[in-house]
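These notes concern the structure reproduced below.
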2 protein chains.
Amino acid sequence: MFQNAQVPEQSFMNRKGSEMSVRIDALDRKILEQLQRDASQSLDDIAKQVGSSKTPVWNRIRKMREAGIIGQQTVLLDAEALGFEACFFVLIRTSEHEADWQAKFLKALRDRPEVQEAHRLAGDIDYILKVRVKNARAYDAFYQALISEVRVHNVTALLSMEEIKSTVALPL
Amino acid sequence: MFQNAQVPEQSFMNRKGSEMSVRIDALDRKILEQLQRDASQSLDDIAKQVGSSKTPVWNRIRKMREAGIIGQQTVLLDAEALGFEACFFVLIRTSEHEADWQAKFLKALRDRPEVQEAHRLAGDIDYILKVRVKNARAYDAFYQALISEVRVHNVTALLSMEEIKSTVALPL
DNA sequence: TGTGAAAATCATAGACG
DNA sequence: CGTCTATGATTTTCACA
């Protein structure tokens, strides 16, 4: 049993940057691990697994949801089974760094559902994208559409042959 | 209403490669979209949203689960709020391509929880990793550990400055 | 804060048209 | 196959220690 074992270890602001801060203790972390592993478990099961009981676990989950620590609850689909057989990592260099170019570029990425990830990078290469499409032709269509919308200096596409590992879990 | 609107569009084998094939129709696709968007919805809500009713939706979900199309149910956590402030994409070139080197390398990646993604690539660069860590020092520790375990020819780390977009949803 | 119970909702199964 | 009904689980709330 874990009666009141809070060792304050970390605090942070929520998304709105408000004063509200939430501390994450060892029990919270165990709960998060369980939720990451299987979000369909019942509260009772989670409580058992983390050595606590229903109500405290429920209150902590609610708090972490409100604080934005716990976000979307989703389901992972088998991409290949659904016909998404190509995955590209796209390295982008640009010479344009004005604000309105960047805004246009970001909007283009956010609007395209085949872009699963987009990061602005430090250094030589400016952006990296992860693009999941049905096949190479669909990638080409994406690529042509992108470069017709925004000017980019240099694009390198890396084609994934095999997904060795894929997880959304953080190593808490 | 969607009475029996099955337009067969796709079939595939399940994970064990058995004969069992499942066809995905427009209704299945809508259900998957809803589950991706919010897996905590009740069956009734999903049924309403896709224009069907409880039992058919439930049967389809069960079938797709059994077929492995629907996998893990999980929760997305706010990485920054939990202190994971650094994200690297790591490009790896190697000169070694023997089977046992590869097995060792794969095991090393699968054993390290900071590796969220690992792909074997076509072309010039052999592998790409996505590594999520608390800070640059933690990345260095990861890097040193990795190169001491397996020999690699060339490693380039790309540091993410900003996560512009991140989704696990497939564009069904 | 944790416990236990009450109330409301939901998932799951099965009979029927 | 879809509709409807039933019944156990589960979530969510709340009074009390």
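Computed from a predicted model, the values in this text were never measured in an experiment. Within every chain, numbering begins at 1; the chains are lettered A, B, ... in the order of the sequence lines, protein sequences first and strands thereafter.
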Polar atom pairs (N or O), protein with nucleotides 4-8 of chain C, under 3.5 Å:
residue : atom : partner : partner atom : Å
dG4(C)  : O6   : T55(A)  : OG1          : 2.8

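Counting to the nearest Å, the P atom of dT10(D) and the CG atom of D38(A) are 13 Å from each other. If you take CG of L35(B) and C1' of dA11(C), they are 14 Å apart, rounded to a whole angstrom. Following rounding to the nearest Å, W58(B) (CH2) and dC4(D) (C1') show an atom-to-atom distance of 16 Å. Taking atom CZ of residue R62(A) and atom P of nucleotide dT12(D), one finds them 11 Å apart after rounding to whole Å. Summarising the geometry, the separation between CZ on R23(A) and P on dT1(C) is reported as 12 Å, rounded to the nearest angstrom. Nucleotide dT13(D) holds its P atom 13 Å from the CD1 atom of I61(A), rounded to whole Å. In this entry the distance linking CD of E66(B) with C1' of dT12(C) reads 13 Å, nearest Å. Nucleotide dT12(D) holds its C1' atom 12 Å from the CZ atom of R65(A), rounded to whole Å.
Partners of R62(A) according to the salt bridge (charged side-chain N to carboxylate O under 4.0 Å, His left out) rule, which considers only residues two or more places apart in sequence or in another chain, are E66(A). In terms of the salt bridge (charged side-chain N to carboxylate O under 4.0 Å, His left out) criterion, R65(A) has no residue partners (sequence neighbours excluded). Among residues two or more places apart in sequence or in another chain, the salt bridge (charged side-chain N to carboxylate O under 4.0 Å, His left out) test is passed with R120(A) by E162(B). Remark: E33(A) engages no residue in a salt bridge (charged side-chain N to carboxylate O under 4.0 Å, His left out) (not counting sequence neighbours). Y127(A) meets the ring-ring contact (aromatic ring centres under 6.0 Å, His included) test with F105(A); sequence neighbours excluded.
For the pair M64(B)/I24(B), a side-chain contact is recorded, criterion being any heavy-atom separation below 4.5 Å from C-beta on. Under the 4.5 Å side-chain criterion, counting only non-hydrogen atoms from C-beta, L32(B) is in contact with I69(B).
Pairs engaging residues 84-100 of chain B under the salt bridge (Lys or Arg N to Asp or Glu O under 4.0 Å) rule: R93(B)-D124(B), E96(B)-R151(B) [sequence neighbours left out]. Sorted by first and then second residue, the ring pair (Phe, Tyr, Trp, His ring centres under 6.0 Å) pairs with a member in residues 66-88 of chain A read F88(A)-Y139(A); sequence neighbours excluded. The salt bridge (Lys or Arg N to Asp or Glu O under 4.0 Å) contacts involving residues 45-54 of chain B comprise nothing, where partners must be two or more places apart or lie in separate chains. A ring pair (Phe, Tyr, Trp, His ring centres under 6.0 Å) check over residues 143-172 of chain B, counting only residues at least two apart or in different chains, returns nothing.
Pairs of Watson-Crick or G-U wobble type, with distances under 3.5 Å, assemble into runs of 3 or more in DNA chain C at these ranges: C:1-17 with D:1-17.
Of the residues in residues 39-49 of chain B, not one places a heavy atom less than 4.0 Å from an atom of DNA chain D.
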